Amino acid sequence: MAAVFALADCNNFYASCERVFDPRLRDRPVVVLSNNDGCVVARSAEAKALGIPMGEPAFKCKELFAAHNVAVFSSNYALYGDMSRRVMQTLARYSPDIEIYSIDEAFLRLDRLNDAPAALAKRAKEEVGRWTGIPVSIGLGSTKTLAKIANRRAKKDPANGGVFDLTGGADVEAGLAATAISDVWGIGPRYAKMLAGLGVATALDFIRLPRELVQKRMTVAGLHTWLELRGISCIGMEESPPPKKSIINSRSFGRRITELADIKESLAYHVVRAAEKLRAQGSVCSRLLVFIQTSRFEQGVPYYSPTAEGGLPVATANPSKLVKLAHDLAETIFKPGLEYKKAGVMLTGIERADARRLTFFEPEAQADGREKTLLRTIDAINAKWGRRTVDIAACGTAKPWAMRQESRSPRSTTVWEEIAVVRA
DNA sequence: TCTGGGGTCCTAGGACCC
DNA sequence: TCTGGGGTCCTAGGACCC
């Protein structure tokens, strides 16, 4: 059988997660906001129908929210992450060949199995709904890009029952003709605009462009999209996620920050989180980049957004060493008299911890061993007793820079004290 | 008052080397 | 007067994804 890729995508994922634990939200418009309660990042179908755009700043929607009794939530990533894990575990029962693509999407290979792909997809969709309460749509295609298009068709028309099959005898041309070019996976706003200038409105128009033109204007990535839409698979399944080559931790401040000391505190926090991610994938890093930013939207004052990068003599995952470097770098770019809105760090020069150069000096090797033991112990304690049970002092306790989060729902599946209570 | 966060890949061009 | 050329590494910038 020819390859059959399925894309399973949770409908309005964050909004659906909120609904699972509060049935009163059914039929009520639900939106979820980004960190710091900044922008709308998820909308239920009812909220979409109200015309609330994705990414809209929350303060611009206040009146609309009030007028239509919209349920508004701060992001609750503890909940969404755990719900995602449950959805993925359920999907994995349907194919050994699964790639978790994002928090709410997974690709599955559905050929090479005993049952017909479309029948498997239908059962998977129903079981995820029954076991987790999350509605999911599944699209089937002979390539990943076509599976993405099929998924859009599945979502768009309720008559499809949440599953759309663009393989076998399906009319692929009709599917491509019904898909706006800007809705194709791999075509962003820039390329969509450029293609519009070439008279391309749909995916079907796009695959009728000459191959050489596509490669010239859109490089090999664009060519892959073009080939995939023609049924030639270029983007394969990734069995296990490769280690990250860069790790970022950053956040907008809950309010404006003017003091270097506060910025340093927030940077320490970001470094500690980033170093945890680094150790979780068994890596060390040799470079660190610090960035601080004023508001992009402030009238009358120039936008200040400097970065500073520095290296370490020996690659490390030790937060104390990284914090020291981050603080030194911050001092080189901090300008007093400005109101800062955001800060963050990026770790690069990432390599496997076990591939490190050996140290020949015995005292250093011993110190290295003690350091590893210490960090392993901290990670173990935090894994058992919760994040930040053991922290480093530079993160501070006052946290004037902490983010706003005014309406977070309970962490119903990961914190005992916040578990849902059912009254019968 | 209020505008997210975290990633990847590709290419062009400069520095440097022989 | 004539003033190489190819390879590699690094970085910045631009495109995309969720």
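Being a predicted model, the structure only gives us computed values, none of them experimental. In what follows, chains are A, B, ... by sequence order, proteins preceding strands, each numbered from 1. For the numbers below, each heavy atom of this structure counts, side chains included, while hydrogens, waters and symmetry mates do not.
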**Report entry** Audit row: A/Asp37, A/Ser74, side-chain hydrogen bond (donor to acceptor under 3.5 Å, both in side chains) steps and yes/no
**Finding:** CA-CA 6 Å; A/Asp37 294 345; A/Ser74 303; 2.7 Å; yes
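Of the listed nucleotides (B/dT8, B/dG5, C/dC17), B/dT8 has the atom at the smallest distance from the side chain of A/Lys244. Minimum atom distance to the side chain of A/Ile248 is reached by B/dG7, of the listed B/dC2, B/dG7, B/dC10. Checking C/dC16, B/dG4, B/dC10 against the side-chain heavy atoms of A/Tyr191 singles out C/dC16 as nearest. Distances from the side chain of A/Phe59 to the nucleotides C/dC18, B/dC2, B/dT11 place B/dC2 closest. Comparing B/dG7, C/dC18, B/dG4 by their nearest atom to the side chain of A/Ser34 picks out B/dG4. The side chain of A/Ser250 sits closest to B/dG6 out of B/dG6, B/dG4, B/dC2.
Comparing A/Pro242 and A/Gly55 against DNA chain B, the residue whose closest nucleotide sits nearer the 5' end is A/Gly55. Toward the 5′ end of DNA chain B lies the nearest nucleotide of A/Arg404, the other residue of the pair A/Arg404 and A/Lys342 mapping further downstream.
A/Arg152 has its CZ atom 14 Å from the C1' atom of C/dC18, to the nearest Å. Between A/Asp183 atom CG and C/dC17 atom C1' there is a gap of 14 Å when expressed in whole angstrom units. One atom, OH of A/Tyr101, and another, P of C/dC18, lie 5 Å apart when rounded to the nearest Å. Rounded to whole Å, atom C1' of B/dT1 lies 11 Å from atom CD of A/Glu298. Spacing between atom CG of A/Leu223 and atom C1' of B/dC10 amounts to 13 Å, rounded to whole angstrom units. Look at CD1 on A/Ile103: it is 19 Å from P on C/dC17, rounded to the nearest Å. Atom-to-atom, CD of A/Gln299 to P of B/dT1 comes out at 11 Å; the value is rounded to the nearest Å. Between the CD atom of A/Glu309 and the P atom of C/dT11 there is a distance of 7 Å, given to the nearest Å.
Counting any heavy atom pair closer than 4.0 Å across all strands shown, A/Arg255 reaches no nucleic acid atom. Among the heavy atoms of the strands, none lies under 4.0 Å from A/Lys193. Among the protein residues, A/Pro189 comes within range of the sugar-phosphate backbone only, with heavy atoms under 4.0 Å from sugar or phosphate atoms but none that close to a base. Nucleic acid contact class of A/Ile247 (heavy atoms, under 4.0 Å, all strands): sugar-phosphate only. A/Glu105 comes within contact range of the sugar-phosphate backbone alone, with a heavy-atom separation under 4.0 Å but no base atom that close. A/Asp37 comes within 4.0 angstrom of nothing in the nucleic acid, heavy atoms only. Among the atoms of the strands shown, only primed sugar atoms or phosphate atoms (P, OP1, OP2) are found under 4.0 Å from some heavy atom of A/Asn35. Here A/Val40 lies out of heavy-atom contact (under 4.0 Å) with every strand. When heavy atoms are screened at a 4.0 angstrom cut-off, A/Ile187 is found touching the sugar-phosphate backbone but no base atom. At a threshold of 4.0 angstrom between heavy atoms, the contacts of A/Ser246 are confined to the sugar-phosphate backbone, with no base atom among them.
With salt bridges taken as basic N to acidic carboxylate O contacts below 4.0 Å, one links A/Glu418 and A/Arg408. The existence of a salt bridge linking A/Glu173 and A/Arg208 is confirmed by a sub-4.0 Å separation between a basic side-chain nitrogen and an acidic carboxylate oxygen. Look at A/Arg109 and A/Glu99 and you find no salt bridge, because none of the NZ, NE, NH1 or NH2 atoms lies under 4.0 Å from a carboxylate O. Ion pairing of A/Arg85 with A/Asp82 is present here, as a side-chain N (NZ or NE/NH1/NH2) and a carboxylate O approach within less than 4.0 Å. Residues A/Glu228 and A/Lys148 are not paired through a salt bridge, judged by the lack of any N-O separation under 4.0 Å between the basic side chain and the carboxylate.
For the residue pair A/Glu18/A/Ser409, the side-chain donor-acceptor check at 3.5 Å is satisfied.
Within a 6.0 Å sphere centred on CG of A/Asp27, heavy atoms belonging to other residues, nucleotides or ligands number 12 at most. Around atom NZ of A/Lys324, no more than 12 heavy atoms belonging to other residues, nucleotides or ligands sit under 6.0 Å away.
Contact annotation: A/Thr219 side-chain N/O to B/dC9 OP1/OP2 distance is not under 4.0 Å. Residue A/Asn249 places at least one side-chain N or O under 4.0 Å from the OP1 or OP2 atom of B/dG6. In terms of phosphate contacts, A/Arg256 brings a side-chain nitrogen or oxygen within less than 4.0 Å of OP1 or OP2 of B/dC2. The side chain of A/Lys245 contributes an N or O atom lying less than 4.0 Å from OP1 or OP2 of B/dC9. The phosphate of B/dT3 (OP1 or OP2) has a side-chain N or O of A/Lys341 nearer than 4.0 angstrom. Within the structure, a side-chain polar atom (N or O) of A/Ser252 is placed less than 4.0 Å from OP1 or OP2 of B/dG5.
For B/dC18, the paired nucleotide is C/dG5, the pair qualifying as Watson-Crick or G-U wobble because both relevant distances are below 3.5 Å.
A heavy atom lying under 4.0 Å from DNA chain C marks none of the residues of residues 67-83 of chain A.
Taking the ring centre of A/Tyr269 as origin, the terminal cationic atom of A/Arg273 falls inside the region bounded by 6.0 Å and 45° from the ring axis.
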